[in-house]
S.K.: 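Structure in C-alpha cells, see below.
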Amino acid sequence: MSKPGLLLIGGATDIMLDRMSAEFTLHKLNEIKDFNTWVETSGASIEAVATNGHDGVPARVMEGCPNLKVASAYGVGYDAIDTAACVARGIKVSHTPNVLNAEVANTTLLLILACFRNFLSDEHHARSGDWEREGNAPLSRSPDNRVIGILGMGRIGQEIAERLQVFNPTLLYHTRSKKDVPYEYCADLKEMAARADVLICITPGGASTNKIVNKDVLEALGPEGLVVNVSRGTVIDEDALIAALQSGKLGMAGLDVFEKEPHIPDALKAMDNVVLLPHVGSATHETRAAMGKLTVDNLIQWKQDGTVLTPVPECAHL
Ligand code: NAP
Ligand code: 8YV
C-alpha cells in the first residue's frame with residue numbers, strides 16, 4: 001500500500017526525518033524548485049503537513065494540497081497557522097504542549113538573572129581585561145524579593161511561577177479569566193505592571209494579544225522595571241518598547257522573541273540595558289527531541305486512526 005504524502009515545512013531533526021520517511025512519502029518545501037509544477041504532480045498526494053510555529057501552513061500550500069487532512073506543528077505556539085481555515089476543511093491541527101514548559105521557564109529565569117545581574121557587561125569586563133585595567137565592575141541588582149507580574153498563566157506560565165520561587169517573589173498574574181493558582185489575580189494589565197518590578201510575557205501570539213503590552217503598560221512598569229518576553233514578538237508593541245527604553249521610562253528588557261523574526265531592530269541591539277536571544281526558549285537537544293517525537297507521534301497517530309494525540313483547542317472537536 002502506498003504511503004500518504006507528507007510535506008515538511010521548515011526544519012526537522014534527523015530522527016524526525018527518519019521516522020516520517022518510514023511512514024510517509026516525504027516532500028520538503030525548501031527543496032521544491034518550481035512550486036506550481038510540484039502542485040500539478042504531487043499536490044493531490046499530500047494528506048499531511050509537518051510545520052512549526054514560525055512557518056505555519058502558507059496559503060499556497062493550503063490551496064495546492066486539496067486532500068490535506070492533518071497539520072502537525074513542531075512547537076506549542078500555532079498562531080502562524082490559520083486554524084479557522086483548517087477547521088473549515090476538517091484539517092486536524094496538532095502541536096507540542098507541555099514537553100517544552102521547563103525549558104522555556106529556564107530561559108525566562110536566565111533572562112531575569114542576566115538583566116538584573118548585568119551578566120553581559122560583567123562577562124565583558126572579565127574577558128576584555130577591563131577588570132585588570134579598571135578595577136571591579138559596577139554593582140548590579142538582586143532578583144530576590146521582587147514583585148513579578150506574569151502575563152499568561154497557562155502551562156508554561158505556571159512552570160515559570162513555580163521555578164521563580166527560588167527568588168522569593170510576590171507573584172501576580174493577568175489573564176482573561178482567573179486560574180486556580182496560589183498567586184494574586186490582576187484583572188487589569190496596566191495596574192499589574194504598575195505594581196511589578198518584572199513583567200513576564202508568556203501568552204500565545206495572535207489577534208487577542210497583539211501589542212497588548214503597549215506604551216502605557218511599559219511606562220507603568222517604570223524606569224526600574226524589567227520586561228521579559230518569551231511569548232511572541234507581537235505581544236509587545238516593539239516601537240513603544242524601544243522608545244520607553246531609550247527615554248529611560250522603562251529600565252530593562254530581556255527578549256527571546258521579536259515582531260519580525262529573525263530581524264532584530266538595530267535600536268535594540270544598540271542598547272546595553274537589553275539582553276537579546278534568537279528565539280531559543282525551547283532550543284535544547286533534549287527539549288527539541290521531545291518536541292520532535294510528539295510532532296511525529298501526532299502524524300503516526302493520524303495515519304493509524306485519523307486522530308491526533310495533542311490537537312490544538314480549535315480542532316479538538318474534529
Ligand atoms: P497555554 O497553556 O495555552 O497558556 C496561555 C495563557 O495565556 C493562558 O493562561 C491564557 O489565559 C493566557 N492568554 C491567552 N490570551 C490572552 C489574552 N488576550 N490576555 C491575557 N492572557 C491571555 O500556552 P503555553 O503552553 O503556556 O504557551 C504559551 C505561548 O508561549 C505559546 O503560545 C508560544 O507563543 C510561546 N512559546 C514561546 C517559546 C519560545 O521559544 N520563546 C516556546 C514555547 C512557547 P486566558 O485564556 O484565561 O486569557
Ligand atoms: C519553537 C516556540 O522554536 O513552541 C513554540 O511555540 O516558539 C518554540 O518552541 C517555535 O515554535 C519554532 O519551532
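One-based numbering along the sequence shown. Whatever order the structure lists them in is the order used to number ligands and atoms, beginning at 1.
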S.K.: Within ligand 1, which atoms have a heavy atom of Ile212 less than 4.0 Å away?
M.R.: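 Under 4.0 Å from Ile212, ligand 1 has these atoms: 19 (N).
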
S.K.: Name the orientation class of the two ring planes belonging to Tyr173 and Tyr183 (parallel below 30°, tilted from 30 to 60°, perpendicular beyond 60°).
M.R.: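 It falls in the perpendicular class, over 60°.
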
S.K.: Which ligand 1 atoms does Lys179 reach within 4.0 Å, using its non-hydrogen atoms?
M.R.: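 Checking each atom against Lys179, I get 9 (O), 11 (O), 45 (P), 47 (O).
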
S.K.: Considering the heavy atoms of Ile202, write down every atom of ligand 1 situated less than 4.0 Å from one of them.
M.R.: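 Reading through ligand 1 atom by atom, the close ones are 28 (C), 30 (O).
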
S.K.: Dump all N/O pairs between ligand 2 and the protein below 3.5 Å as a table: atom names plus distance, one pair per row.
M.R.:
residue	atom	partner	partner atom	Å
ligand 2	3 (O)	Arg288	NH2	2.9
ligand 2	4 (O)	Val76	N	2.8
ligand 2	6 (O)	Gly77	N	2.8
ligand 2	6 (O)	Arg232	NH2	2.8
ligand 2	7 (O)	Arg232	NH1	2.8
ligand 2	7 (O)	Arg232	NH2	3.4
ligand 2	7 (O)	His279	NE2	2.7
ligand 2	9 (O)	Ser282	OG	2.7
ligand 2	13 (O)	Tyr74	O	3.1

S.K.: Within the side chain of Thr107, is there an N or O that forms a donor-acceptor pair under 3.5 Å with the backbone of Glu103?
M.R.: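 Yes; judged by distance alone, with no hydrogens or angles, the pair exists.
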
S.K.: Just checking Asn30: does its CG atom have more than 12 heavy atoms from other residues, nucleotides or ligands closer to it than 6.0 angstrom?
M.R.: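 More than 12 heavy atoms, drawn from other residues, nucleotides or ligands, come within 6.0 Å of this atom.
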
S.K.: Using a 3.5 Å distance criterion without hydrogens, assess whether the side chain of Thr209 forms a donor-acceptor pair with backbone atoms of Pro204.
M.R.: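 Looks like yes, one N/O pair under 3.5 Å.
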
S.K.: Would you indicate which of Glu103, Met153, Lys178, His279 comes nearest to atom 9 (O) of ligand 1 when only heavy atoms are counted?
M.R.: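 The residue whose heavy atom sits nearest atom 9 (O) of ligand 1 is Met153.
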
S.K.: Ser282 heavy atoms, cut-off 4.0 Å: which ligand 1 atoms fall inside?
M.R.: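 Within the 4.0 Å cut-off of Ser282, ligand 1 contributes 40 (O).
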
S.K.: For the CD1 atom of Ile200 and the CD1 atom of Ile160, what is their distance to the nearest 0.5 Å?
M.R.: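 Interatomic distance, Ile200 CD1 to Ile160 CD1, rounded to 0.5 Å: 5.5 Å.
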
S.K.: Is the contact between Ser208 and ligand 1 made by the side chain, the backbone, both, or neither, using heavy atoms and a 4.0 Å cut-off?
M.R.: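 Both parts.
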
S.K.: Name the closest protein heavy atom to atom 10 (C) of ligand 1, giving the residue it belongs to and the distance to 0.1 Å.
M.R.: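 Going by distance alone, atom 10 (C) of ligand 1 is nearest to Thr175 CG2, 4.3 Å.
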
S.K.: Checking contacts here: is it the side chain or the backbone of Asp256 that comes within 4.0 Å of ligand 1, counting heavy atoms only? Could be both or neither.
M.R.: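 The answer is the side chain.
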
S.K.: Examine the side chains of Thr295 and Lys293 and answer whether a donor and an acceptor come within less than 3.5 Å of each other.
M.R.: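 No - no donor-acceptor pair under 3.5 Å links their side chains.
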
S.K.: Give the atom numbers and elements of ligand 1 that come within less than 4.0 Å of a heavy atom of Val104.
M.R.: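 Under 4.0 Å from Val104, ligand 1 has these atoms: 42 (C), 43 (C).
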
S.K.: Within a distance under 4.0 Å of any heavy atom of Val230, pick out the atoms of ligand 1 and give their elements.
M.R.: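 Under 4.0 Å from Val230, ligand 1 has these atoms: 35 (C), 36 (N), 37 (C), 38 (C), 39 (C), 41 (N).
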
S.K.: Quick one: which ligand 1 atoms are inside 4.0 Å of a heavy atom on Thr209?
M.R.: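 Answer for ligand 1: 15 (N), 16 (C), 17 (C), 18 (N).
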
S.K.: If you have a sec, work out which protein heavy atom is nearest atom 16 (C) of ligand 1 and how many Å separate them, to one decimal?
M.R.: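 Result: Arg176 NE, 3.5 Å.
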
